[in-house]
**Student:** 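Please see the structure below; I have some questions.
Chain identifiers are assigned alphabetically (A, B, ...) following the order of the sequence lines, protein sequences preceding nucleic acid strands; residue numbering begins at 1 within each chain.
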2 protein chains.
Amino acid sequence: MTHSDTKTRILDCAEQMFAREGFHNTSLRNLTTLAGVNLAAVNYHFGSKEELLQSVMERRMLPLNEIRQTKMREVTKQARELDALPAAAELLRAFVVPTLEFKNSSPGARDFITLIGRSLSDPDETVRHCFLTLALPTFKTLFTGLEEALPEIPSEILLVRMQFIMGTLSHVMCTSHQHFFHSPEFPQPLTPNALIEQLMIFIQAGLEAAR
Amino acid sequence: MTHSDTKTRILDCAEQMFAREGFHNTSLRNLTTLAGVNLAAVNYHFGSKEELLQSVMERRMLPLNEIRQTKMREVTKQARELDALPAAAELLRAFVVPTLEFKNSSPGARDFITLIGRSLSDPDETVRHCFLTLALPTFKTLFTGLEEALPEIPSEILLVRMQFIMGTLSHVMCTSHQHFFHSPEFPQPLTPNALIEQLMIFIQAGLEAAR
DNA sequence: ACCCGTTTTAAACAAGTGTTTAAATAAACA
DNA sequence: TGTTTATTTAAACACTTGTTTAAAACGGGT
């Protein structure tokens with residue numbers, strides 16, 4: 001077993017267990033057993049359980065942020081070339097769609113999305129801080145983009161609406177695989193793609209609401 | 001110290017700690033120390049830590065559900081008397097406003113709202129199940145009310161939109177006291193009442209979106 | 001005063017926690 | 001090849017977890 005083999009096996013299993021059982025409910029003994037590595041490997045390769053969480057988040061957040069930032073900048077840049085305002089809907093798409101499509105990008109990405117979808121409201125300060133440090137610059141890009149796209153909406157209103165959008169998105173990220181309402185009393189759930197389109201319609205309408 | 005004194009002191013502290021530290025991150029030793037009762041009191045009065053969680057949730061969920069159900073039924077009943085469709089916005093208000101105003105109803109209610117706001121996406125099956133069992137009938141009432149109010153929207157679309165609303169609401173419930181974006185780069189947050197009104201505007205627009 | 005059911009208490013239980021250690025092994029380079 | 005890093009291993013460490021136990025204290029009724 002090579003060096004990076006052990007590290008990525010730990011990262012993969014940590015991602016899965018942190019997402020499915022929660023960070024605090026995951027013990028290093030269960031984690032290392034599932035990964036097929038020695039108990040001490042986590043502390044040797046990552047330092048501590050918390051630093052492992054940070055590595056789990058960084059591994060996929062950095063590439064995901066890169067994608068979202070690029071797409072958002074494309075939208076604003078193309079608008080400037082046409083001397084027009086960027087469309088709020090396109091900015092939202094540039095942020096939301098890559099995030100949700102990220103689930104299909106690799107086997108563990110689905111768990112990763114669940115994990116970060118829960119991070120904003122996690123009771124543990126460590127988890128929240130770890131996530132926010134990675135996410136804030138991207139949030140900021142979205143916010144300034146939206147300010148440019150919707151100059152008629154006051155900034156403080158725009159901010160809460162963006163927070164509402166983050167709430168909706170987080171909820172979809174960490175509950176889309178659950179089945180609260182999967183009972184005969186409720187209609188069938190939508191397909192993943194239809195869900196994304198419905199989410200876009202919902203948040204765009206909310207963002208641009210009059211009044 | 002009377003019987004109910006010990007029980008309510010445990011309930012109050014459990015509510016606070018489960019909300020602020022999380023269910024699994026709260027130890028019965030810290031909890032009973034904070035409550036000023038003996039360690040064994042939890043198991044004596046409630047049976048187990050999980051049954052304590054259930055009691056914490058039931059204590060306030062049952063009255064809150066009563067309020068929301070009554071208000072929602074009032075809306076549909078008044079509409080029927082006028083031979084008109086109930087207004088979706090009023091149904092939403094009947095569900096959302098009592099929920100968020102519940103925070104000010106008593107000292108611990110703020111923590112309670114944080115706790116149940118996180119329950120839908122909690123990694124622990126026990127927590128989710130405990131909450132959903134209590135919440136599902138009220139969700140169902142809202143859903144059938146909305147079906148009546150918006151007959152032109154297909155049921156499966158209506159359901160996802162209601163889930164989006166729950167996501168937004170949950171996020172507001174458990175993060176409104178946090179301060180992600182409280183930095184000079186972002187505008188000042190709104191007052192609690194303004195936040196509620198903005199939330200109503202947002203979710204109503206999303207719910208009734210065309211297309 | 002006594003009795004009896006309820007409640008509180010301190011102690012112990014068995015199991016689990018993240019982390020550290022020092023010895024054993026493997027890999028890399030000379 | 002031998003030597004030096006890098007990695008893996010099993011064991012121990014110190015501490016925390018939820019729960020149970022049996023004795024003590026309390027409170028109301030007769």
**Student:** Using only atom types and a distance under 3.5 Å, with no angle test, would you say the side chain of A:Ser105 pairs donor to acceptor with the backbone of A:Glu101?
**Tutor:**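 Looks like no, no N/O pair under 3.5 Å.
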**Student:** Regarding A:Thr26, tell me which of base, sugar-phosphate or nothing describes its non-hydrogen contacts under 4.0 Å with the strands shown.
**Tutor:**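 Sugar-phosphate only.
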**Student:** Roughly, in whole Å, what's the span from OH in B:Tyr44 to P in C:dG5?
**Tutor:**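 My rounded result for the distance is 13 Å.
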**Student:** Roughly, in whole Å, what's the span from CG in A:Asn38 to C1' in C:dA23?
**Tutor:**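 Atom CG in A:Asn38 sits about 13 Å away from atom C1' in C:dA23.
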**Student:** Could you identify the nucleotide paired to C:dA22, looking across every strand shown and requiring Watson-Crick or G-U wobble geometry with both distances under 3.5 Å?
**Tutor:**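 Here C:dA22 is engaged in a pair, and the nucleotide opposite it is D:dT9.
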**Student:** Round to the nearest Å and state the distance from B:Glu21 atom CD to D:dT17 atom P.
**Tutor:**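 Roughly 12 Å, once rounded to whole Å.
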**Student:** Regarding B:Glu148 and B:Thr76, do their side chains bring together a donor and an acceptor under 3.5 Å, going by distance alone?
**Tutor:**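 The answer is no; no qualifying pair exists.
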**Student:** Return whichever of A:Phe23 or B:Ala40 has its heavy-atom-nearest nucleotide of DNA chain C closer to the 5' end.
**Tutor:**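 In this pair, the answer is B:Ala40.
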**Student:** Mind calculating the distance between CD1 (A:Ile10) and P (C:dT19) to the nearest angstrom?
**Tutor:**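 After rounding, the gap between these two atoms is 13 Å.
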**Student:** Side chains of B:Asp124 and B:Thr126 only: does a donor on one sit below 3.5 Å from an acceptor on the other?
**Tutor:**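 Side chains of B:Asp124 and B:Thr126: pair found under 3.5 Å.
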**Student:** Taking OP1 and OP2 of C:dT8, is either one under 4.0 Å from a side-chain nitrogen or oxygen of B:His45?
**Tutor:**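 Yes, because at least one side-chain N or O of B:His45 sits under 4.0 Å from OP1 or OP2 of C:dT8.
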**Student:** Atom CG of B:Asn43 to atom P of C:dC13: distance rounded to whole Å?
**Tutor:**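 The answer, rounded to whole Å, is 18 Å.
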**Student:** Rounded to whole Å, please give me the gap between CG in B:Leu39 and C1' in D:dA22.
**Tutor:**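 Rounding to the nearest Å, CG of B:Leu39 and C1' of D:dA22 are 15 Å apart.
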**Student:** Respond yes when some side-chain nitrogen or oxygen of B:Ser48 is under 4.0 Å from OP1 or OP2 of D:dG18, and no when none is.
**Tutor:**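 No.
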**Student:** When you measure from the side-chain N and O atoms of A:Thr6 to the phosphate of D:dT8, is any distance below 4.0 Å, counting only OP1 and OP2?
**Tutor:**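 For D:dT8, OP1/OP2 do have a side-chain N/O of A:Thr6 under 4.0 Å.
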**Student:** Sort out the partner of D:dT1 for me: Watson-Crick or G-U wobble, both distances under 3.5 Å, none otherwise.
**Tutor:**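 When the pairing criteria are applied, nothing turns out to pair with D:dT1, so the answer is none.
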**Student:** So, is B:Ser27 near the phosphate of D:dT17, with a side-chain N or O under 4.0 Å from OP1 or OP2?
**Tutor:**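 For B:Ser27, the contact criterion (side-chain N or O under 4.0 Å from OP1 or OP2 of D:dT17) is met.
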**Student:** Taking atom C1' of C:dG18 as reference, at what distance in whole Å does atom CG of A:Leu53 sit?
**Tutor:**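 In whole Å, C:dG18 C1' and A:Leu53 CG are 15 Å from each other.
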**Student:** May I ask you to say whether B:Arg59 pairs ionically with B:Asp12, meaning some side-chain N is under 4.0 Å from a carboxylate O?
**Tutor:**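 Looking at B:Arg59 and B:Asp12, the cut-off is met.
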**Student:** Nearest nucleotide by nearest heavy atom, which residue falls closer to the 5' end of DNA chain D, A:Arg29 or A:Ala41?
**Tutor:**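 Nearer the 5' end of the strand: A:Ala41.
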**Student:** Run the salt-bridge test on B:Glu90 and B:Arg93 with the 4.0 Å N-O cut-off and return the result as yes or no.
**Tutor:**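 Not counted as a salt bridge, because no side-chain N and carboxylate O are separated by less than 4.0 Å.
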**Student:** Within this structure, what is the NZ-to-P distance between B:Lys49 and D:dT16, rounded to whole angstrom?
**Tutor:**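 These atoms are roughly 15 Å apart.
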